[in-house]
Number of protein chains: 2
Amino acid sequence: METMLPSREPGQTKRRILEVAIELFSQNGYSAVSVREITKHVGIKESALYNHYKTKDEILQSIYQLFTDASEGNTLPSPEQLEAMLQHVDLQTFLKQGFEQFKRTIENPLLTQIWRILNIEQYRDARAREIILTRIYKGTIDFLESAFLLLQQNKKIKDTYSPRMLAVEYQYPIFAMMTEYLLLRFDNKETDELQQRVEAHIQYFNDYVRP
Amino acid sequence: METMLPSREPGQTKRRILEVAIELFSQNGYSAVSVREITKHVGIKESALYNHYKTKDEILQSIYQLFTDASEGNTLPSPEQLEAMLQHVDLQTFLKQGFEQFKRTIENPLLTQIWRILNIEQYRDARAREIILTRIYKGTIDFLESAFLLLQQNKKIKDTYSPRMLAVEYQYPIFAMMTEYLLLRFDNKETDELQQRVEAHIQYFNDYVRP
DNA sequence: GTCTATAACATGATAGAC
DNA sequence: GTCTATCATGTTATAGAC
């Protein structure tokens, strides 16, 4: 008689641990989730987890790594690509494309869960802080600044304000709406009004910088 | 020979517990801080804590209450007060006053610490979520909406956009900058540039809605 | 009423032997 | 992969001191 196939494909258990941990950490935070709870969901004994991860913290580290990899995956265009693109495209189209990118991000459950984890751990864990400040805040603003600079040089938008300031005025409301979105969705509340706000914000910004 | 005055003023220990808990929770989150750690900092035995709080959660509850009380303390003006005020005051002055209020908030260590705790606990704890969504987000936007409506009626600002939308455009960047500020300060990093951004944002908004 | 001292119990992360 | 052991943690309880 055959055994109950305890022989899963190699690497599957490790992947399952990561998935379950992301799910649980994003709801309760790293510190409030026990290894016991993770392994129960995965269907293995506590100690078996240590065959795949040296410590509980190493799981968290892997989660951060996953986010970093994904951010580099849907990589921002290079300066040359950006320049070529903005030759043919006006502000409206550029912002619309950015918005579509934004929507894909928030519709990706994995990324939103890790985003929540980063928010929860940002004070306890300097690695989360680093990702938020450098990769999310600074990275986005730097990118938009270079884009707006090019648009100003091409006379496609007003140059009353510095490109960096325009980047902040455009992006920061979107950060705040993202935060609110994550909270509303956590309670399965409606986010239609919020989506309209994002679109209205793009319209407002567009009106303001039109030359 | 006198004893080492174990007789402190009544209520002092309870207050010390709260202070220490706010300090520790704001750095590590509720779940990562042990009762042992709190009582060690206070200088009492673990079991003595339960003379003041029924559970560890009751401490957290008191912290939320403190924030709620403080929010109601520096209470927003009533609709009548607001109307009277906006008769005499232009947008620039109104926003400047709001900014001063904002600065006082972020310079109050207790409030910033509790703000951090709310951020950490927002997914694990529905009470934190409620405070952020209702008291902070909705409360602020509702207030600004009524203010901008009055300013529009007094022809002190343009009425191209709805007052609610103006409230969002004005306040959401400030929310995001507040979040960034809390992170930067946690690492004792410079926040001068951020402060300039807030002022530039107010200027930008002011220019935009000037009739 | 508030403190100390001490102990008990269930649950937590982790290590080592199998 | 499992089982077992170790040590920290939240909580309750008991007894005694001011």
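Order of the sequence lines sets the chain letters (A, B, ...), proteins ahead of strands, with each chain counted from 1.
- Sorted by first and then second residue, the salt bridge (charged side-chain N to carboxylate O under 4.0 Å, His left out) pairs with a member in residues 12-31 of chain A read A:Arg15-A:Glu19, A:Arg16-A:Glu19; sequence neighbours excluded.
- Applying the salt bridge (charged side-chain N to carboxylate O under 4.0 Å, His left out) definition to pairs two or more places apart or across chains, none involves residues 94-109 of chain B.
- The CD atom of B:Glu83 sits 5.0 Å away from the CG atom of B:Leu150 when rounded to the nearest 0.5 Å.
- Rounded to a whole Å, the OH atom of B:Tyr53 is 16 Å from the P atom of D:dG10.
- When the side-chain nitrogen and oxygen atoms of B:Lys45 are compared with OP1 and OP2 of C:dT4, none of them lie within a distance under 4.0 Å.
- Donor-acceptor pairing under 3.5 Å is recorded for the side chains of A:Tyr64 and A:Asp125.
- Distances shown here put a side-chain N or O of A:His52 below 4.0 Å from the OP1 or OP2 atom of D:dG1.
- The distance between atom CG of B:Leu49 and atom C1' of C:dG1, rounded to the nearest whole Å, is 15 Å.
- Between B:Ile38 atom CD1 and D:dG10 atom P the separation is 8 Å, expressed in whole Å.
- Side-chain contact check for B:Tyr172 and A:Arg197: at least one donor-acceptor pair (N or O, by modelled atom type) lies under 3.5 Å.
- In this structure, CD of B:Glu58 is placed 11 Å from P of D:dT12, rounded to the nearest angstrom.
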>> Walk along nucleotides 13-18 of chain C from 5' to 3' and tag each nucleotide B, S or - by protein heavy-atom contact under 4.0 Å, base first, then sugar-phosphate.
In response: BBBB--
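- The neighbour count for B:His41 NE2, taken as heavy atoms of other residues, nucleotides or ligands under 6.0 Å away, does not exceed 12.
- No N or O donor and acceptor, one from the side chain of B:Asn51 and one from the base of C:dG1, sit under 3.5 Å apart.
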